[in-house]
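One structure is given below, encoded as structure tokens.
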Amino acid sequence: MKQKLFTFAKIAISLGLIAYVFSKVHVEAVLASLASANPWLILLALVFYVLAIVLSGVKWNVLLKALDVQVPFSAVLQYMFVGFFFNNVFPANIGGDVMRGYGMARTTDRTADAAVSVVVDRLIGLLAYMSTAAVMAIVVITVMGHTNLRWLFNLALVALVVMVAAMAVLFSRRLRRQVGQIFNWGPLTRLLPLYTGMSNALDAYRFRYRALLIAFLIALVGLMATNVVNWLLFEATGGGVPFVDVMLFNPLIALVLLVPISIGGHGVIQGAYPFFYTLLGVPFEQAVAVSVLMSAI
């Protein structure tokens with residue numbers, strides 16, 4: 001019953017956020033923007049989104065092979081699509097990680113390695129996103145003169161520091177041992193074998209710097225593909241949004257979507273797009289229309 005109430009609450013929040021956003025906008029203008037959107041650019045955006053998923057699969061495959069987990073790439077790609085599906089029906093964007101890790105664990109019978117690969121995959125992706133956001137914030141503030149967005153640089157920098165700190169904890173044996181102490185307490189003891197296995201699996205990554213670097217570079221390419229998705233959707237609805245703006249806001253919106261308050265991030269997406277993009281003069285109605293298209297994609 002408690003879980004059902006949480007699910008109901010998240011559905012209510014999603015619908016409430018969508019209703020709130022549409023109460024602040026001229027619905028007719030949004031519908032007109034969607035009706036007149038270029039379908040070929042939307043189709044091209046879909047192609048780039050699928051490309052981003054494939055690149056995510058390549059990145060995960062590199063991390064799996066670093067642990068000597070040998071599976072066909074077709075299986076990796078299958079679980080990536082499974083994960084992206086569940087990201088649309090689970091809270092935040094982490095439900096899909098659980099499902100693809102579960103699928104890989106069943107396929108390989110290496111639960112700890114599968115779990116660790118998903119955790120490291122997610123952290124490297126976030127590291128790439130926040131690194132890009134911090135760099136683009138500097139460009140937007142110093143080169144383009146938008147000094148009013150200095151707080152965005154601070155936000156991206158804090159998120160980047162948190163990601164680096166998380167990576168440091170994961171790859172430090174001493175810190176992992178200290179964290180592991182909590183699994184000696186009461187009901188958590190049954191999770192100790194899983195934590196120990198994950199901790200041991202992480203040791204393999206400490207000596208796989210090449211694989212981690214390659215995964216990071218692939219994450220950057222995947223991010224660029226999602227940037228193109230967003231830019232194409234803005235172009236489909238009238239254009240006028242510089243690509244540099246997309247490179248700044250796309251990673252920050254991805255960070256916001258990690259907050260588990262809605263189903264699949266829907267509602268949060270509709271609030272985040274107009275919040276960020278109107279800071280640089282994008283019409284509210286266009287930002288909302290693109291948020292709707294992004295949910296559809």
Side-chain angles (χ1 to χ4, degrees), residues 48-77 79-80 83-84 93-94 96-97 100-101 104-105 108 110 112-139 153 155-176 179 197-229 243-244 246-248 250-252 254-255 258:
F48 270 92
Y49 195 81
V50 173
L51 174 62
I53 297 177
V54 173
L55 288 169
S56 295
V58 174
K59 171 165 60 77
W60 188 24
N61 195 45
V62 168
L63 294 172
L64 286 168
K65 289 186 180 302
L67 295 178
D68 199 30
V69 178
Q70 302 295 332
V71 291
F73 180 68
S74 58
V76 176
L77 195 57
Y79 291 128
M80 286 302 307
F84 271 83
N93 276 337
I94 56 176
D97 290 344
R100 65 186 173 103
M104 186 59 66
T108 63
R110 293 173 61 176
D113 289 338
V116 165
S117 70
V118 170
V119 171
V120 174
D121 177 66
R122 169 63 74 169
L123 285 176
I124 287 179
L126 288 173
L127 189 63
Y129 271 54
M130 292 308 107
S131 300
T132 301
V135 171
M136 296 315 301
I138 294 174
V139 172
F153 170 73
L155 173 63
L157 185 61
V158 169
L160 179 59
V161 170
V162 170
M163 293 301 105
V164 172
M167 294 287 284
V169 170
L170 287 177
F171 293 122
S172 170
R173 290 178 178 176
R174 180 170 59 85
L175 291 176
R176 289 205 311 272
V179 173
M198 290 180 62
S199 181
N200 293 335
L202 276 168
D203 282 337
Y205 282 123
R206 293 176 69 242
F207 307 104
R208 299 293 189 275
Y209 303 117
R210 183 173 179 271
L212 293 173
L213 176 60
I214 292 174
F216 178 76
L217 294 176
I218 295 173
L220 290 176
V221 178
L223 170 59
M224 190 59 65
T226 62
N227 289 337
V228 172
V229 171
F243 191 71
V244 65
V246 175
M247 292 183 67
L248 170 62
N250 183 36
L252 293 175
L255 178 65
L258 291 176

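Predicted, not measured: the structure shown is a model, and the values here were computed from it.
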Can you give each donor-acceptor pair under 3.5 Å made by side-chain atoms of residues 49-62, sequence neighbours left out, with the distance rounded to 0.1 Å?
from	atom 1	to	atom 2	distance (Å)
Ser56	OG	Ala52	O	3.0
Lys59	NZ	Asp121	O	3.4
Lys59	NZ	Asp121	OD1	2.5
Trp60	NE1	Ser117	OG	3.0

Please tabulate, one pair per line, all N/O donor-acceptor pairs under 3.5 Å involving side-chain atoms of residues 215-229, not counting sequence neighbours.
from	atom 1	to	atom 2	distance (Å)
Thr226	OG1	Leu223	O	2.7
Thr226	OG1	Asn250	ND2	2.9
Asn227	OD1	Asn250	ND2	2.8
Asn227	ND2	Leu223	O	3.4

Acceptor/donor pairs from residues 63-77 side chains to any protein atom, 3.5 angstrom cut, sequence neighbours excluded:
from	atom 1	to	atom 2	distance (Å)
Lys65	NZ	Gln70	OE1	3.2
Asp68	OD1	Gln70	NE2	3.2

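Note that CD1 of Ile138 is 11.0 Å distant from CG of Leu248, once rounded to the nearest 0.5 Å. Note that CG of Leu160 and CE of Met130 are 8.5 Å apart. Values are rounded to the nearest 0.5 Å.
With sequence neighbours excluded, no residue forms a side chain to side chain contact (heavy atoms under 4.5 Å, CB included) with Val135. Not counting sequence neighbours, the partners of Leu157 by the side chain to side chain contact (heavy atoms under 4.5 Å, CB included) test are Phe153.
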Exercise for review: Go through the steps to decide whether Leu123 and Leu127 satisfy the test side-chain contact (heavy atoms from CB on, under 4.5 Å), and finish with yes or no.
Suggested key: CA-CA 6 Å; Leu123 285 176; Leu127 189 63; over 6 Å; no
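For the salt bridge (Lys or Arg N to Asp or Glu O under 4.0 Å) condition, no pair includes a residue of residues 123-138, sequence neighbours left out.
Heavy atoms only, all atoms of each residue included: Thr132 and Ala128 are closest at OG1-O, 2.9 Å.
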